Trainee: 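I have a structure I would like to understand better, so I am pasting it below and will then ask my questions one at a time.
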Amino acid sequence: MGSVTDFLLELRSEEIPARMQEKAREDLARLFAAELEKAGLKAAEVVSYATPRRLALILKGLPEQTAAVSEETKGPRVGAPPQALEGFLRKTGLTADQLVERDGVLFAIVDKPGRATAEVLAAAIPAVIRAFPWPKSMRWGADSLSTESLRWVRPLQGIVALFGSDVVPCDIAGVTSGAATVGHRFHHPGTITIGSADDYVEKLRACHVIVDGAERRGIIALGAKMAAQKAGLSLIEDEGLLFENAGLTEWPMPLLGRFEEAFLAVPPEVIQLTARVNQKYFVCRDAAGKLANAFVCVANIDAADGGEKIVAGNQKVLAARLSDARFFYETDLKVPLEAQVGKLEKIVFHEKLGTVAEKVERVAKLAEWLAAEKIVPNCDPALARRVAELAKADLVTGMVGEFPELQGLMGGYYAAAQGEDPAVATAIRDHYKPVGQGDDVPADPVTVAVALADKLDTINSFFEIEEFPTGSKDPFALRRAAIGIGRLILENGLRADLGQVIRLGWLGHAADKTLSDEDVARRKVAISVVDFVVDRLKVQQREAGVRHDLIDAVFALGGEDDLVRLLARVKALQAFVTTEDGANLLAGYKRAANILKKEEWGAGAVNAAPEPAEAALAAALDAAEPKATAAIEAEQFEDAMAALAILRAPIDAFFDQVTVNDTDPVKRAARLGLLARMRDAVHKVADFARIEG
């Protein structure tokens, strides 16, 4: 193999938004690899970097040339008319004696020498730049008048393209490739000449630019931690903030600053959000685990004074932000939540579903009903209604207007400060939970009632107006609400028929009431919602490692809307089929089911003089069926499986000693009838036909 060389590409621009850098780095490597693959080239290693001002790519171990290729073109058959042969020779530029014959067909084989890799790279650079998938991009300068002009995330200022130590020549929208770049905007704004890919990273480091984002993140994480520890505090780690600060700096310098202790009267979540969202600052805890009056900012400069002026400036800005937050908090506290509720009549929940005030009333009714019916046990119906009536009041407060992510949380703080029952304040704070997969599930009965009512109302309401999630689109987060309903029910062991809850609680009519056309339509909504919640539960259980076939085997029984009971069955089945008895019973069941299917058998007659194996199976069924039925009614699903397990030996013996398809029709009918009994007994537990194995 010939010698190999490394390739360096740097695309320098004005500041790239931090949130786009990691994806852009990956896209650059992916697109370039695809371009090279077209030419039959592959690098031994691909490394890509992103900083606020540059995207860089190093392709290691590229050959100097692409491999020679042999192109084969199929021609006419031997003995074809002369015109066909002449046309083929003209097309290929060959003479007749240069053609190769194979199986009576003529072929033109042309050996094409390899191309210089530098040529391939020169063509690939503009192709990649023009095809780059920025989430947002712009045109600039005089050329921007044309829609054909180059688009880039921010104006492109320079291209370094080196194959070995040689410049790969290319020109894109007036930006010509070369070997020159610039260092840090403040420390080294002058030109730097890069020798090759080998010295790129270190040359830039010497000019105060750390090109590797992972290295910058490491510097920030360690520096922030050490700055906090030096002040006797501990850093509250935040990976999102780590990536953002690394995307804003080429030479990160974490610095600790302070704010007035008086601001700690504001809820800690408000301070943390103010520092994080508005200023990109980390916050700290004191030795007692409480929020401290300290923050860590990340400068992009190695200041001569050790960062004193930078810290002073940042302290000033944060003080102004925290003053605003304190103003919102103190102003909101002066207005009782009850007084805020009236304003919800002016907020539209959805154009087809009325106002937030109307939603609040629906949720209050349902939460009160869930408590009164003991579906959520140990819950005071009046307290549940009170929480539901106040839970959305903080949506119209100044603080939630500024930070929508604090909804619920601020309502809890305001309720507690305004003298509401502590259970009411807690329930208002937590009634949106669980929000995401890793979120805690409330256990307090009042919170559970309101959280469940809120999510049920959201799904039912949107299903009623036929706003269903489609594909990846779920604008009203209905899948998340369905998972939340499932988790609230399962983790709190709520025993209820979900369909009944929707029909009686949400729709508010008795099951035996004569339904109008509208009510029939709403009954269909209830069925759709139950199916939707159950489908999300299936997905969630599969992701948690439960076998999909076992989920299907239990869910296929139908007519079961009690999620706690459904899942208990699935877990018992999972435990059973992994035992030897379970595996063998499954094998026996499948054999029986296949015979019955083949014979299209429903039920059968009784054999007056059974064989011993038939009698043994009949006796085992007589013992197992009532035990399994009683265990299922008592929701002792493990006991139901154990009762069925005694069928294992008799069914094995039956298949060993008895011919099912006997010539005597009476015997045959009796034996098929026994197998049908066995199948039906097993089906009381789960649809074994859906179990793999």
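Here the structure is a predicted model, which means the values were calculated and not measured. Here, residue 1 is the first one in the sequence, and each next residue gets the next number.
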Trainee: Could you work out, with side chain to side chain contact (heavy atoms under 4.5 Å, CB included) as the rule, every residue matching A339, not counting sequence neighbours?
Mentor: V335, P336

Trainee: For the pair Y281 and F295, name the ring-plane relationship: parallel under 30°, tilted 30 to 60°, perpendicular over 60°.
Mentor: parallel

Trainee: For residues V533 and A482, report the shortest heavy-atom separation together with the two atoms involved.
Mentor: CG1-O, 4.0 Å

Trainee: Determine, stepwise, if the pair K352 / E467 fulfils salt bridge (charged side-chain N to carboxylate O under 4.0 Å, His left out).
Mentor: CA-CA 10 Å; K352 293 182 183 174; E467 284 282 2; 5.0 Å; no

Trainee: Walk me through whether K524 and E464 qualify under salt bridge (charged side-chain N to carboxylate O under 4.0 Å, His left out).
Mentor: CA-CA 9 Å; K524 283 180 185 169; E464 189 172 29; over 6 Å; no

Trainee: Check this for me, if you would: do E244 and R19 make a salt bridge, where the nitrogen-to-carboxylate-oxygen distance has to be below 4.0 angstrom?
Mentor: no

Trainee: Tell me, please, which residues at least two apart from A214 pass side chain to side chain contact (heavy atoms under 4.5 Å, CB included).
Mentor: D212, R217

Trainee: Taking side chain to side chain donor-acceptor pair (under 3.5 Å) as the definition, give me every residue that meets it alongside Q418, ordered by chain and number, with sequence neighbours left out.
Mentor: none

Trainee: Run the salt-bridge test on K359 and D454 with the 4.0 Å N-O cut-off and return the result as yes or no.
Mentor: yes

Trainee: Does the distance from a Lys or Arg side-chain N to an Asp or Glu carboxylate O, for E638 and K571, drop under 4.0 Å?
Mentor: no

Trainee: Any Lys/Arg nitrogen of D324 or R321 sitting under 4.0 Å from an Asp/Glu carboxylate oxygen of the other?
Mentor: no

Trainee: If you measure from the Lys or Arg side-chain nitrogens to the Asp or Glu carboxylate oxygens, is any gap between E361 and R385 under 4.0 Å?
Mentor: yes

